[in-house]
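Worksheet: one structure, shown below.
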Amino acid sequence: MPDMLVKLYNLDHNWDFIADQKTAGVTIRKPIGPEKHSFLNWISANFSGGWAAEADVAFTNKPRSCFLAVEASVIAGFACYDATALGYFGPIGVATAYQGMGIGKSLLKACLLDMKLKGYGYAIIGDVKEPEFYQKTVEAIPIPDSTPGIYENPIKSSDPAE
Ligand SMILES: CC(C)(COP(=O)(O)OP(=O)(O)OC[C@H]1O[C@@H](n2cnc3c(N)ncnc32)[C@H](O)[C@@H]1OP(=O)(O)O)[C@@H](O)C(=O)NCCC(=O)NCCS
């Protein structure tokens, strides 16, 4: 799938989605140090080792470039940026039981607004698997001739989890 581009300068500095999710019992925030292993293990178990590796990069960035969604100490979803490569959004994942509740959109916006505050003008969404989600939520547009983009000739892994 092609990469997509988001015009961060068109995004309103509106963080109301955090309060809206809080009302529904879901906290959107950055993970803290002692949560690192639980955070990465959850991503590996629910999505893939490759996504956990990218989340590890985001977790290690200073400042941290990832968010999670938590309900009653249970992780519902996560999202990262500056993980695949600088200026890239992703990966993002919401547990199946929590999908369709606005959590994915909230995690996406938290990352994109954080990027905007950091000074980025655009965000790239790499190797998009759900283009309608990004088009609908943040008016992302496909980037022509972006396949395979930076994903060309990846190192082969011997780990079946990846
Ligand atoms: C894609 C994903 C992150 C969306 O998270 P979610 O919490 O279910 O999405 P939300 O509830 O925040 O949806 C926000 C809006 O996008 C729409 N939407 C969600 N997923 C969509 C999809 N796959 N295609 C089109 N629209 C979608 C919703 O209908 C909603 O619209 P509304 O605001 O009009 O009600 C989630 O389905 C997921 O984790 N999928 C598996 C991992 C994955 O594919 N990640 C993306 C890789 S590029």
Side-chain angles (χ1 to χ4, degrees), residues 1-32 35-36 38-59 61 63-85 87-118 120 122-143 146 149 151 161-162:
M1 294 290 244
D3 297 340
M4 298 183 87
L5 195 70
V6 181
K7 296 171 180 172
L8 299 178
Y9 49 83
N10 279 349
L11 288 187
D12 289 339
H13 279 291
N14 183 345
W15 294 80
D16 286 353
F17 56 87
I18 296 215
D20 293 344
Q21 285 297 323
K22 192 80 179 173
T23 303
V26 176
T27 302
I28 306 288
R29 63 169 172 83
K30 291 192 176 184
I32 61 171
E35 296 175 319
K36 182 175 181 181
S38 302
F39 181 62
L40 299 183
N41 287 341
W42 184 88
I43 295 167
S44 197
N46 285 271
F47 295 100
S48 71
W51 280 15
E54 291 183 289
D56 195 347
V57 173
F59 197 105
N61 283 335
R64 208 155 281 155
S65 58
C66 51
F67 285 83
L68 47 64
V70 188
E71 185 191 42
S73 300
V74 174
I75 301 178
F78 80 102
C80 306
Y81 69 92
D82 282 355
T84 312
Y88 278 60
F89 168 82
I92 179 172
V94 176
T96 311
Y98 289 95
Q99 289 180 8
M101 298 163 57
I103 293 174
K105 181 178 177 177
S106 300
L107 289 165
L108 170 64
K109 284 203 166 174
C111 282
L112 295 181
L113 288 178
D114 209 35
M115 290 181 79
K116 180 170 176 162
L117 285 173
K118 206 179 269 183
Y120 287 105
Y122 295 90
I124 298 158
I125 306 172
D127 191 27
V128 172
K129 293 171 183 64
E130 303 288 352
E132 293 85 6
F133 169 66
Y134 297 108
Q135 199 282 325
K136 183 176 194 177
T137 53
V138 291
E139 298 179 3
I141 52 175
I143 301 175
S146 57
Y151 302 93
E162 295 185 16

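In this text, all values refer to a predicted model and were calculated from it rather than measured experimentally. Below, each value reflects all heavy atoms present in this structure, side chains not excepted, and no hydrogens, waters or symmetry copies.
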> Out of curiosity, I28 CD1 to C111 SG, how far, rounded to the nearest 0.5 Å?
Replying inline: 10.0 Å

> Of all heavy-atom pairs between K30 and C66, which one has the smallest distance, and what is that distance?
Replying inline: CG-O, 3.2 Å

> Would you say K129 has more than 12 foreign heavy atoms packed within less than 6.0 Å of its NZ?
Replying inline: yes

> To the nearest 0.5 Å, what is the distance between CG (L112) and CZ (F89)?
Replying inline: 6.0 Å

> Is a donor on one side and an acceptor on the other found under 3.5 Å between the side chain of S146 and the backbone of G149?
Replying inline: no

> Can you tell me how far CE of M115 sits from CD1 of I124, rounded to the nearest 0.5 angstrom?
Replying inline: 8.0 Å

> side chain to side chain contact (heavy atoms under 4.5 Å, CB included) with A85: which residues, sequence neighbours excluded?
Replying inline: Y88, I150

> What pairs with S65 under side chain to side chain donor-acceptor pair (under 3.5 Å), at least two apart in sequence or on another chain?
Replying inline: N61

> Does D3 have any side chain to side chain donor-acceptor pair (under 3.5 Å) partners at least two apart in sequence or in another chain, and if so, which?
Replying inline: none

Just distance, no hydrogens or angles: give the donor-acceptor pairs under 3.5 Å from side chains in residues 69-81, sequence neighbours left out.
{"unit_1": "E71", "atom_1": "OE1", "unit_2": "Y98", "atom_2": "OH", "d": "2.9"}
{"unit_1": "Y81", "atom_1": "OH", "unit_2": "D114", "atom_2": "OD2", "d": "2.8"}
{"unit_1": "Y81", "atom_1": "OH", "unit_2": "K118", "atom_2": "NZ", "d": "2.9"}

>> What's the separation between atom NZ in K116 and atom NZ in K109, rounded to the nearest 0.5 Å?
In response: 11.0 Å

Side-chain donor-acceptor pairs under 3.5 Å in residues 130-143, sequence neighbours left out?
{"unit_1": "T137", "atom_1": "OG1", "unit_2": "F133", "atom_2": "O", "d": "2.7"}

> Considering residues at least two apart in sequence or located in another chain, which fulfil the side chain to side chain contact (heavy atoms under 4.5 Å, CB included) criterion with D12?
Replying inline: N14

> What heavy-atom pair brings S106 and Q21 nearest, and what distance separates the two atoms?
Replying inline: OG-CG, 3.4 Å

> Under 4.5 Å between any side-chain heavy atoms of V94 and M101, yes or no?
Replying inline: no

> Passes side-chain contact (heavy atoms from CB on, under 4.5 Å), H13 versus L117? Steps please.
Replying inline: CA-CA 9 Å; H13 279 291; L117 285 173; 3.5 Å; yes

> Between atom CH2 of W15 and atom CG of L113, what is the distance when rounded to the nearest 0.5 Å?
Replying inline: 5.0 Å

> How many angstroms lie between CD1 in I18 and CZ in F67, if you round to the nearest 0.5 Å?
Replying inline: 6.5 Å

> What closest approach, in Å, do F59 and R64 show between heavy atoms, and which atom pair accounts for it?
Replying inline: O-NE, 3.1 Å

